[in-house]
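Here the structure is a predicted model, which means the values were calculated and not measured.
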Amino acid sequence: MKAQTQKGFTLIELMIVVAIIGILAAIALPAYQDYTKRARGAEMVVATAPYKLGVTECVQNGSCLNADGVTIAIPAAGSRAAVSLPLDLAAASSPANAQYNTIVLANNGEITVTPKATNGFVAANTFVLTPANNGGAITWTASGGCVTSGWCKTK
């Protein structure tokens, strides 16, 4: 009589494989979610680039300065005209596939990006850039919920 050989996997072997997959999923899923939030934050940071350039140029040519020549004051009427922005940014609404809802340029040159409330982001996760005029050289300070969460990094 021939001895029967084992075919397939035993129950314990299958349980070990399932446990290994479960451990890997427990580590990989939070890392992936954090990665997607940082990618969305990076898009919000990049979206501010034309606004930063426009405010910087406006301050350097003197058309966006107060009477003291230091304080940034973008004219309220037609502020987008004073700050040269591309035509597609004049409406300040986001493209359909963008990860943000709006970009608002305040009279003091502050740029605020409000994200779409999806995939772990809420409206409170804004990205705010505040300019400071240092003799024509503009320095930007980042703040907002996106920065405190570590999802938006400027450096």
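Put simply, the side chain of Pro115 does not reach to within 4.5 Å of the side chain of Gln99, judged on heavy atoms.
Test Val17, Ile16, Val18 against Ile20 for side chain to side chain contact (heavy atoms under 4.5 Å, CB included) and you get one pass: Ile16.
Although no hydrogens or angles enter the test, the distance criterion places a donor-acceptor pair under 3.5 Å between the side chain of Asp68 and the main chain of Thr71. Under a 3.5 Å cut-off, the side chain of Gln60 and the backbone N or O of Glu57 do not form any donor-acceptor pair. No side-chain donor-acceptor contact under 3.5 Å links Arg40 to the backbone of Tyr100. Checked by atom type and distance alone, the side chain of Asn125 pairs as donor or acceptor with a backbone atom of Val122 at under 3.5 Å. Proximity of a side-chain donor or acceptor of Thr48 to a complementary backbone N or O of Val45 within less than 3.5 Å is detected.
Rounding to the nearest 0.5 Å places SG of Cys152 at 10.5 Å from CD of Glu43. To the nearest 0.5 Å, atoms SG (Cys146) and CE (Met44) are separated by 4.5 Å. Atoms CD1 and CG, from Ile103 and Leu129 in turn, are 10.0 Å apart once rounded to the nearest 0.5 Å. With rounding to the nearest 0.5 angstrom, the CD1 atom of Ile72 is 9.5 Å from the OG1 atom of Thr130. Summarising the geometry, atom CG belonging to Leu65 is positioned 7.5 Å from atom SG belonging to Cys58; distances are rounded to the nearest 0.5 Å. With values rounded to the nearest 0.5 angstrom, Lys52 atom NZ is found 13.5 Å from Leu105 atom CG.
Under the 4.5 Å side-chain heavy-atom criterion for grouping Ile, Leu, Val, Met, Phe, Trp and Tyr, Tyr51 is connected to Ile74 within one hydrophobic cluster. Residues Ile23 and Met15 do not share a hydrophobic cluster, clusters being chains of Ile/Leu/Val/Met/Phe/Trp/Tyr side chains in contact below 4.5 Å.
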When you look at Asn133 and Ile138, which way does the side chain to side chain contact (heavy atoms under 4.5 Å, CB included) test go after all the steps?
CA-CA 5 Å; Asn133 182 10; Ile138 303 296; 4.2 Å; yes

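Using a 3.5 Å distance cut-off with no hydrogens or angles, the side chains of Asn101 and Thr114 do not pair a donor with an acceptor.
Asn66 is linked by a side-chain hydrogen bond (donor to acceptor under 3.5 Å, both in side chains) to nothing, counting only residues two or more places apart in sequence or in another chain.
Residue pairs that meet the ring-ring contact (aromatic ring centres under 6.0 Å, His included) test with at least one member in residues 123-155, sequence neighbours left out, are Phe121-Trp151.
Annotation for Asn61 and Ser63: closest pair OD1-OG, 2.7 Å, computed over non-hydrogen atoms.
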